[in-house]
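Have a look at the structure below before the remarks.
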Amino acid sequence: MKRTFLTIVSLIFCVLVGKAQTLEVYINDANGDTNVRNAPKGAVVGKFTQDEAWAMVVETPQNGWWRIKGDSYANPEGETPQFKASKNGYWLHYSVLGVGTRNYGGQRLTLRKNPSSNAEAVYSFKEELVLRPIDIKGTWVKVTDGKHTGWIEQEWLCGNPLTNCS
């Protein structure tokens with residue numbers, strides 16, 4: 001009976017919450033090789049080497065930490081590093097991740113105070129930028145350029161370090 005109840009509660013939770021939101025990103029770490037951890041602030045279980053362009057899909061942000069979705073990480077040759085086993089998945093801090101903006105035609109993009117097109121503007125820009133993703137809500141991603149932090153629609157972001165996603 002208890003097992004049936006827990007199964008029903010889990011199914012209801014999945015329906016209400018839906019699937020985890022994901023974001024395509026790449027490693028953008030100026031400090032050398034990038035540590036991969038077994039949990040937010042957890043033990044180091046592997047590294048992404050600095051000499052490769054690593055792209056991946058991340059999900060489930062927690063206080064600035066992102067979990068790598070499954071085995072979505074690879075370099076342009078399709079190679080994947082081997083990490084120590086982890087029950088909680090593999091985690092990266094937002095400070096080592098990058099997403100480029102997709103305003104290739106010089107469009108003015110705006111970072112907003114809240115995840116809404118009606119929210120107050122925090123910062124507007126026309127140049128293409130590399131931003132660091134902090135959080136995600138619906139179609140909005142909270143990002144920072146190191147000076148400004150705000151929300152931008154995910155459609156304006158590119159998670160590929162080698163192409164412009166057009």
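Quick caveat, the model's predicted, so the values are computed rather than measured.
Following chains of ILVMFWY side-chain contacts shorter than 4.5 Å, one cannot reach W65 starting from I134, and the two form parts of different hydrophobic clusters. When hydrophobic clusters are built by joining Ile, Leu, Val, Met, Phe, Trp and Tyr residues whose side-chain heavy atoms come closer than 4.5 Å, directly or via intermediates, L157 is not grouped with Y26. Both V25 and F83 are part of a single hydrophobic cluster, where members link through side-chain heavy atoms under 4.5 Å apart. In the hydrophobic clustering of ILVMFWY residues, with side-chain heavy atoms under 4.5 Å counting as a link, V96 and V45 come out together. L97 and W91 fall into different hydrophobic clusters, where Ile, Leu, Val, Met, Phe, Trp and Tyr are joined by side-chain heavy atoms under 4.5 Å apart, directly or via other members.
A 6.0 Å sphere centred on CG of D51 holds more than 12 heavy atoms belonging to other residues, nucleotides or ligands. Enclosure of atom NZ in K47 by more than 12 non-hydrogen atoms of other residues, nucleotides or ligands within 6.0 angstrom is indicated.
Atom NZ of K69 sits about 10.5 Å away from atom CD of E24, to the nearest 0.5 Å. Here the straight-line distance linking atom CG of D135 with atom OG1 of T144 works out to 13.0 Å at 0.5 Å rounding. The NE2 atom of H93 sits 10.5 Å away from the CZ atom of R132 when rounded to the nearest 0.5 Å. From R108, atom CZ reaches atom CD of E127 across 8.5 Å, with rounding to the nearest 0.5 Å. For the atom pair NE2 of H148 and CG of L129, the computed distance is 10.0 Å after rounding to the nearest 0.5 Å. Taking NZ of K137 as the start and CD of Q21 as the end, the distance is 8.5 Å to the nearest 0.5 Å.
Residue D33 comes nearest to D29 through the heavy atom pair O-OD2, 3.7 Å, listed as atom of the first residue, atom of the second, then distance. Closest approach of K113 and V122 over heavy atoms only: N-CG2, 3.4 Å. Closest approach of T110 and I152 over heavy atoms only: O-CG1, 4.3 Å. Of all the heavy atoms in K84 and Y90, the pair that sits closest is O-OH, 2.9 Å. Residues W151 and K142 share a closest heavy-atom pair of CE3-N, 3.3 Å. The nearest pair of heavy atoms linking C165 to G159 is SG-N, 4.0 Å.
Side-chain atoms of E128 do not come within 3.5 Å of backbone N or O of R102 as any donor-acceptor pair. For W156 (side chain) and L109 (main-chain N/O), no donor-acceptor pair under 3.5 Å exists by modelled atom type. One N or O on the side chain of N103 and one on the backbone of K126 form a donor-acceptor pair closer than 3.5 Å. Between the N38 side chain and the G42 main chain, no donor and acceptor come within less than 3.5 Å of each other. Judged purely by atom type and a 3.5 angstrom limit, E77 has no side-chain atom pairing as donor or acceptor with the backbone of N75.
Side-chain contact between V130 and V99 is absent, with no heavy atoms from C-beta onward closer than 4.5 Å. Using a 4.5 Å heavy-atom threshold, the side chains of S117 and W140 count as touching. Residues W66 and Y94 meet the side-chain proximity criterion, which asks for heavy atoms closer than 4.5 Å. You'll find the side chain of T80 stays beyond 4.5 Å of the side chain of D71, heavy atoms only. At a threshold of 4.5 Å between non-hydrogen side-chain atoms, the residues C158 and T101 do not count as touching.
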Residue pair L111, T149: steps toward the side-chain contact (heavy atoms from CB on, under 4.5 Å) verdict: CA-CA 7 Å; L111 300 184; T149 300; over 6 Å; no
Derivation of the side-chain contact (heavy atoms from CB on, under 4.5 Å) call for E153 and V141: CA-CA 6 Å; E153 290 179 285; V141 180; over 6 Å; no
CA sep, side-chain torsions, deciding dist, call: D145, F125, side-chain contact (heavy atoms from CB on, under 4.5 Å): CA-CA 11 Å; D145 67 356; F125 57 95; over 6 Å; no
Verdict with supporting geometry, V57 and I68, side-chain contact (heavy atoms from CB on, under 4.5 Å): CA-CA 6 Å; V57 177; I68 300 171; over 6 Å; no
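Under the side-chain hydrogen bond (donor to acceptor under 3.5 Å, both in side chains) test applied with R67, the options T22, T60, N88 reduce to a single match, T60.
The aromatic rings of Y73 and F48 stand perpendicular to each other, their planes meeting at an angle above 60°, with 30° marking the opposite boundary.
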